[in-house]
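I have placed the structure first, in the form of structure tokens, so that the comments after it can refer back to it.
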Amino acid sequence: MALTKHEQRRRRHRRVRKKITGTAERPRLAVFRSNKHIYVQAIDDVAARTVASASTTEASLRGGPTSTVDAAKQVGRLVGERLKEAGVTTAVFDRGGFRYHGRVAAVADGAREAGLEL
């Protein structure tokens with residue numbers, strides 16, 4: 001039985017999640033990429049809470065195109081700055097079953113530019 005693209009991504013994500021967990025000192029930077037937007041959350045899996053988040057649906061980023069590499073980089077920078085404000089300097093990157101390429105890689109680059117260590 002053939003799996004849909006969505007099911008294949010979910011399987012890859014489960015495989016990645018077996019290996020990485022976020023803590024309060026080093027949260028998991030989870031990325032979700034849709035066709036129109038990109039969403040990023042910094043998650044403390046131990047306490048089961050979101051430390052910081054950012055996405056292209058926010059009013060400050062919605063002005064221009066939302067599905068580009070540049071927009072993804074801005075989201076990465078924004079979440080990096082918010083984590084710095086929360087006192088976090090390092091994070092674990094969770095690509096969410098997506099290839100580390102294009103918009104997903106741009107989020108990581110933007111977070112690094114904000115001073116976050118991935």
Side-chain angles (χ1 to χ4, degrees):
M1 185 172 100
L3 297 173
T4 64
K5 277 185 176 183
H6 180 73
E7 289 165 338
Q8 288 173 339
R9 186 193 72 78
R10 295 290 295 254
R11 279 189 174 188
R12 284 192 304 271
H13 192 199
R14 275 198 300 266
R15 207 161 49 229
V16 169
R17 285 286 290 117
K18 279 185 208 173
K19 298 174 186 166
I20 61 171
T21 54
T23 62
E25 304 82 41
R26 194 170 181 194
R28 175 170 57 96
L29 205 64
V31 176
F32 178 74
R33 174 180 62 85
S34 72
N35 286 339
K36 284 188 177 182
H37 295 283
I38 194 148
Y39 309 83
V40 184
Q41 287 183 313
I43 304 164
D44 173 5
D45 289 313
V46 177
R49 65 181 279 269
T50 300
V51 181
S53 67
S55 75
T56 52
T57 59
E58 293 178 21
S60 60
L61 298 174
R62 211 181 301 139
T66 57
S67 61
T68 62
V69 171
D70 292 333
K73 202 168 207 173
Q74 283 182 314
V75 169
R77 258 190 236 116
L78 191 59
V79 80
E81 289 163 8
R82 288 176 181 172
L83 279 173
K84 284 290 213 182
E85 288 171 18
V88 176
T89 55
T90 62
V92 180
F93 193 73
D94 175 8
R95 60 189 177 88
F98 299 103
R99 278 177 29 197
Y100 186 81
H101 178 269
R103 290 192 285 155
V104 175
V107 168
D109 292 341
R112 284 188 197 103
E113 281 179 18
L116 201 64
E117 193 179 310
L118 292 178

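Only this structure's heavy atoms are used, side chains among them; waters, hydrogens and symmetry mates stay out.
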Other ILVMFWY residues reachable from Ile20 by side-chain steps of under 4.5 Å: Val16, Val92
Partners meeting side chain to side chain contact (heavy atoms under 4.5 Å, CB included) with Arg11 (sequence neighbours left out): Leu3, Arg14
Parallel, tilted or perpendicular, as decided by the 30° and 60° cut-offs, for the rings of Phe98 and Phe32: perpendicular
Under the salt bridge (charged side-chain N to carboxylate O under 4.0 Å, His left out) test, residues paired with Asp45 that sit two or more places apart: Arg17, Arg28
Within residues 61-96 or reaching into it, pairs that qualify as ring-ring contact (aromatic ring centres under 6.0 Å, His included) - sequence neighbours excluded: Phe93-Tyr100
Gap separating the CZ atom of Arg15 from the CZ atom of Arg12, nearest 0.5 angstrom: 7.5 Å
Cluster check Val40, Leu118: I/L/V/M/F/W/Y, side chain < 4.5 angstrom: yes
Considering all heavy atoms, the nearest Ala71-Pro65 contact: CB-O, 3.5 Å
ILVMFWY network linking Val51 to Ile43, side-chain heavy atoms under 4.5 angstrom: no
Heavy-atom closest contact (Val75 atom, Ala54 atom, distance): CG1-O, 3.7 Å
Partner residues of Ser55 under the side chain to side chain donor-acceptor pair (under 3.5 Å) criterion, sequence neighbours left out: Thr57
Thr66 side chain vs Lys36 backbone, donor-acceptor pair below 3.5 Å: yes
Taking every non-hydrogen atom, the tightest pair across Thr50 and Ser53: CG2-CB, 4.3 Å
With sequence neighbours excluded, residues passing side chain to side chain contact (heavy atoms under 4.5 Å, CB included) with Ala24: Asp44
Approximate separation, where rounding is to 0.5 Å, of Thr90 OG1 and Arg26 CZ: 5.0 Å
ILVMFWY cluster membership beyond Val69 - transitive side-chain contacts under 4.5 angstrom: none
Stepwise side-chain contact (heavy atoms from CB on, under 4.5 Å) test for Thr21 and Val46: CA-CA 8 Å; Thr21 54; Val46 177; over 6 Å; no
side-chain contact (heavy atoms from CB on, under 4.5 Å) evaluation trace for Arg95 with Val31: CA-CA 6 Å; Arg95 60 189 177 88; Val31 176; 5.9 Å; no
Spacing of Leu83 atom CG and Leu78 atom CG [to the nearest 0.5 Å]: 10.0 Å
Arg9 (side chain) donor-acceptor with Gly96 (main chain) under 3.5 angstrom: yes
Qualifying salt bridge (Lys or Arg N to Asp or Glu O under 4.0 Å) pairs with a residue from residues 64-91, counting only residues at least two apart or across chains: Glu58-Arg82, Lys73-Glu113, Arg77-Glu113
Residues in side chain to side chain contact (heavy atoms under 4.5 Å, CB included) contact with Ser67, at least two apart in sequence or another chain: Arg103
Transitive ILVMFWY side-chain link Val88 to Leu29, under 4.5 Å: yes
With sequence neighbours excluded, residues passing side chain to side chain donor-acceptor pair (under 3.5 Å) with Thr4: Glu7
For Arg112, salt bridge (charged side-chain N to carboxylate O under 4.0 Å, His left out) partners two or more places apart: Asp109
More than 12 heavy atoms of other groups within 6.0 Å of Gln8 CD: yes
Heavy-atom closest pair, residues Ala72 and Ile38: CA-CG2, 4.0 Å
Reported CG-to-NZ distance for the pair Asp94 and Lys19, which is rounded to 0.5 angstrom: 12.0 Å
